[in-house]
J.: 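Mind having a look at this structure? Questions to follow.
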Amino acid sequence: NTLTPEQKRKIEENRLKALARRAERLA
Amino acid sequence: YGFTANQNQVFNLIKSCSLAEGISVQNLRTALKYMSLYDIRNSLQFLINEGHIFSTVDENHFKAT
């Protein structure tokens with residue numbers, strides 16, 4: 001069950017967006 | 001984090017999943033039989049809004065940040 005490079009890229013992008021949102025909430 | 005009991009259960013399950021694509025809503029429902037889909041969806045929305053989790057390959061798979 002391996003992910004395609006595009007899926008990996010999307011996941012990393014969503015992870016970074018979520019981290020930014022978390023930081024925003026904590027600010 | 002000040003989670004409700006439901007939010008905490010959902011978050012812990014997502015956090016404990018080691019799959020690259022994260023855990024599916026279907027798997028959450030199976031694991032949280034006593035919780036309604038409405039409550040699961042509400043918890044997911046809260047956790048997304050607060051940046052604790054994010055969707056992965058589609059809108060039905062989630063991982064923790």
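Proteins get letters first, then strands, A, B, ... in listed order; numbering begins at 1 in each.
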J.: Which residues pass the side-chain contact (heavy atoms from CB on, under 4.5 Å) test with K10(A), sequence neighbours left out?
T.: N14(A)
J.: State yes or no: do Y38(B) and Y34(B) share one hydrophobic cluster built from I, L, V, M, F, W and Y residues joined by side-chain heavy-atom distances below 4.5 Å, directly or via other members?
T.: no
J.: Once salt bridge (charged side-chain N to carboxylate O under 4.0 Å, His left out) is applied, do any residues pair with E12(A), and if so which ones, sequence neighbours excluded?
T.: R15(A)
J.: Below 4.5 Å from any heavy atom of chain B, which atoms of R25(A) appear? Answer side chain, backbone, both or neither.
T.: side chain
J.: Could you tell me which portion of I48(B) (side chain, backbone, both or neither) has an atom closer than 4.5 angstrom to a non-hydrogen atom of chain A?
T.: both
J.: Taking the side chain as every heavy atom from C-beta outward, state whether I11(A) and F54(B) have any pair of such atoms under 4.5 Å apart.
T.: yes
J.: In terms of hydrophobic clustering (I, L, V, M, F, W, Y; side-chain heavy atoms under 4.5 Å; direct or indirect links), are L37(B) and I23(B) co-clustered?
T.: yes
J.: Is the closest side-chain heavy-atom distance between T65(B) and R21(A) below 4.5 Å?
T.: no
J.: Are any of the side-chain heavy atoms of E50(B) and R22(A) separated by less than 4.5 Å?
T.: yes
